[in-house]
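Take a look at the structure below.
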Amino acid sequence: MRIFLGQRAWLLQRLTALLILLFVVLGAAGLLAGATPSYVQWHAFASSSLGAVLIVLFFGALCLHAWIGIRDIVLDYVHAPGVRLPLLALIGIILCAVLLRVALTMAAHFLPGA
Amino acid sequence: MRISIYRFNPELDVGPHMQDYDVDPDSGDKKLLDLLVRLKTIDDSLSFRRSCREGVCGSDAMNINGRNGLACLTALSTLKEPVLLRPLPGFPVIRDLIVDMTQFFAHYHAIRPYLINDEQPPERERLQSPEQRARLNGLYECILCACCSAFCPSYWWNPDKFIGPAGLLQAYRFISDSRDTASAERLAYLDDVYRLYRCRTIMNCTEVCPKGLSPSHAIERIRLALLRESS
C-alpha cells in the first residue's frame, strides 16, 4: 500500500483538500447567491448522473483525506501495536462503510425500478 | 537575580525537583552562561554542558523560561525573573541540565552527513559556481545544538523514527550540494511516513533556532525535491 505512505499520502492529502475546498467554495457561493435549493431540487440534482458523480467524488475525497489525517494522528499518539492496528482497522472500516453507503444510495437512483 | 533550575541526580534523587538560587550578576556577566558558571562556583554539584561560550559549539542548549536556546547567546537583560532553566524537553536527562543526545546523533548519522561522489576526483578540487555555493547558505551553519528537534512536538511523539528538524536540515544541505551525486538515494531514504512525513509544519524549529536558520523551509524543499523526483 505504497500509495498511503510517505510522499504519495502527503500529495493525496493535499489534492483531496483542494477538491473538498472547491466543492465547499462552489456550494457556499451558490448559497450566498441566494440559490437555496428546495428538497425537490436537491433530489433532482442527486438523481442526475452529474450530481451523483459529484457527490460520490466529494465523499471519496473526504474519506481519503480523513483517512490520511486520522492515520497521522494515530501514528503520532497511539504507539502500542495492540491498540494501534485495531484502531486503524476500525477507522478504515467506518470510512469505507460511509463511502459505500453514499455510492449505493447514489447508484440506487439509476438501478431499474428505483 | 533568582534562578530556578531543574535538578536531578539519578544516583541520589528519586525524582527531579526545581532548586532556587539567588545570585547577583557581576558587572562582567552579560550572558546566562556567565551566571551559570558563577553558580557552579557556589554549588559545584550543578551540572551543565558548555564549551566555546560563543554560540558555535551548541553544547549549552537548554530550555530557558519555556523556550529552547543557548545559554551563551541569551542576554541576562532579556530574561524575566525567576529564570526557569530546564533540560531540553523530550530528551532523556542524564543529570541536571545534561541530556542524552544518542538518539539525536543516530538520526544525524543516518542521513549520511558527508559528500558522496564516486566520480573520479579532479586534480585539485570539485569546483562550485557562486550560485551553487549560495544554495548552501542557511543550511551549513547548523551547529547541531538540538534546540529545534527538542522543541518539535512531532519529535517528542516519535523520537526513535522521525529524523527531526536538525537531521532534515542537514539532509537537505547535502541534497542541495552540487558536488554530491547521491541526491536520489538520499531522497528515497527520506520518503517514509516517519522519517520525513511526521513533520506537521508546526514550525517551532524555525521559531526557536538560535542561529536564525529555518529547518521547516528545508523540509519543504525536500518535499518539493521528492515531488520533482517522482514526476
Side-chain angles (χ1 to χ4, degrees), chain A residues 1-25 28 57-100, chain B residues 89-92 103 107 110-111 149-165 167-168 171-172 175 183-205 215-231:
Chain A
M1 297 294 276
R2 191 75 190 137
I3 193 164
F4 291 125
L5 293 172
Q7 190 222 3
R8 289 187 191 172
W10 178 80
L11 192 60
L12 214 55
Q13 195 178 31
R14 271 132 194 90
L15 290 177
T16 49
L18 282 175
L19 205 60
I20 294 165
L21 186 70
L22 183 71
F23 278 109
V24 169
V25 167
L57 200 64
F58 173 74
F59 275 93
L62 194 67
C63 287
L64 205 53
H65 190 81
W67 164 250
I68 298 167
I70 299 172
R71 183 209 59 169
D72 275 345
I73 295 169
V74 171
L75 291 185
D76 282 343
Y77 291 109
V78 185
H79 289 171
V83 182
R84 178 188 276 188
L85 294 176
L87 192 60
L88 283 174
L90 181 70
I91 293 161
I93 289 167
I94 291 172
L95 290 173
C96 284
V98 168
L99 194 56
L100 193 67
Chain B
F91 281 51
Q103 183 79 75
H107 286 310
I111 58 103
S149 292
F151 217 48
C152 169
S154 296
Y155 194 77
W156 298 336
W157 296 321
N158 287 291
D160 53 334
K161 300 189 188 100
F162 177 45
I163 286 177
L168 291 170
Y172 188 62
I175 288 168
S183 291
E185 294 97 85
R186 291 180 190 280
L187 288 171
Y189 176 75
L190 295 176
D191 187 7
D192 178 83
V193 71
Y194 281 107
R195 289 177 195 140
L196 171 67
Y197 289 99
R198 278 311 80 203
C199 171
R200 312 245 68 83
T201 323
I202 298 163
M203 296 177 81
N204 269 10
C205 50
S216 59
H217 182 65
I219 292 170
E220 207 53 42
R221 302 296 287 268
I222 295 175
R223 285 171 174 156
L224 292 174
L226 268 164
L227 209 56
R228 277 194 298 274
E229 189 82 4
S230 63
S231 59

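A note on names: the letters A, B, ... follow the listed sequences, proteins ahead of strands, and every chain is numbered from 1. Quantities reported herein were computed from a predicted structural model and do not represent experimental measurements. Heavy-atom basis, side chains included; hydrogens, waters and symmetry copies ignored.
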*Heavy-atom contact with chain A under 4.5 Å, split by part of B:Ser154*: neither
_A:His79 to B:Trp157 - nearest heavy-atom pair and separation_ = CE1-O, 2.7 Å
*Just wondering, do B:Arg223 and A:Leu11 contact through their side chains at under 4.5 Å, heavy atoms?*
no
*With a 4.5 angstrom heavy-atom cut-off, could you sort out which part of B:Leu227 is near chain A: side chain, backbone, both or neither?*
both
*Identify which part of B:Arg200 has an atom lying under 4.5 Å from any heavy atom of chain A, answering side chain, backbone, both or neither.*
side chain
*B:Arg221 CZ: over 12 foreign heavy atoms closer than 6.0 Å*: no
*asked:* Restricting to ring pair (Phe, Tyr, Trp, His ring centres under 6.0 Å), what partner residues turn up for B:Trp156, sequence neighbours left out?
replied: none
*Heavy-atom closest pair, residues A:Leu75 and B:Asn158*: O-ND2, 3.5 Å
*Evaluate the salt bridge (Lys or Arg N to Asp or Glu O under 4.0 Å) criterion for residues A:Arg8 and B:Asp191: first the C-alpha distance (whole Å), next the side-chain angles of each, then the deciding distance (0.1 Å), finally the verdict.*
CA-CA 9 Å; A:Arg8 289 187 191 172; B:Asp191 187 7; over 6 Å; no
_Side chain, backbone, both or neither of B:Phe162 within contact of chain A (heavy atoms, under 4.5 Å)_ = neither
*asked:* Under 4.5 Å from any heavy atom of chain A, what part of B:Leu226 do you find: side chain, backbone, both or neither?
replied: both
*May I ask you to test the A:Asp72-B:Tyr197 pair for a side-chain heavy-atom distance under 4.5 Å?*
no
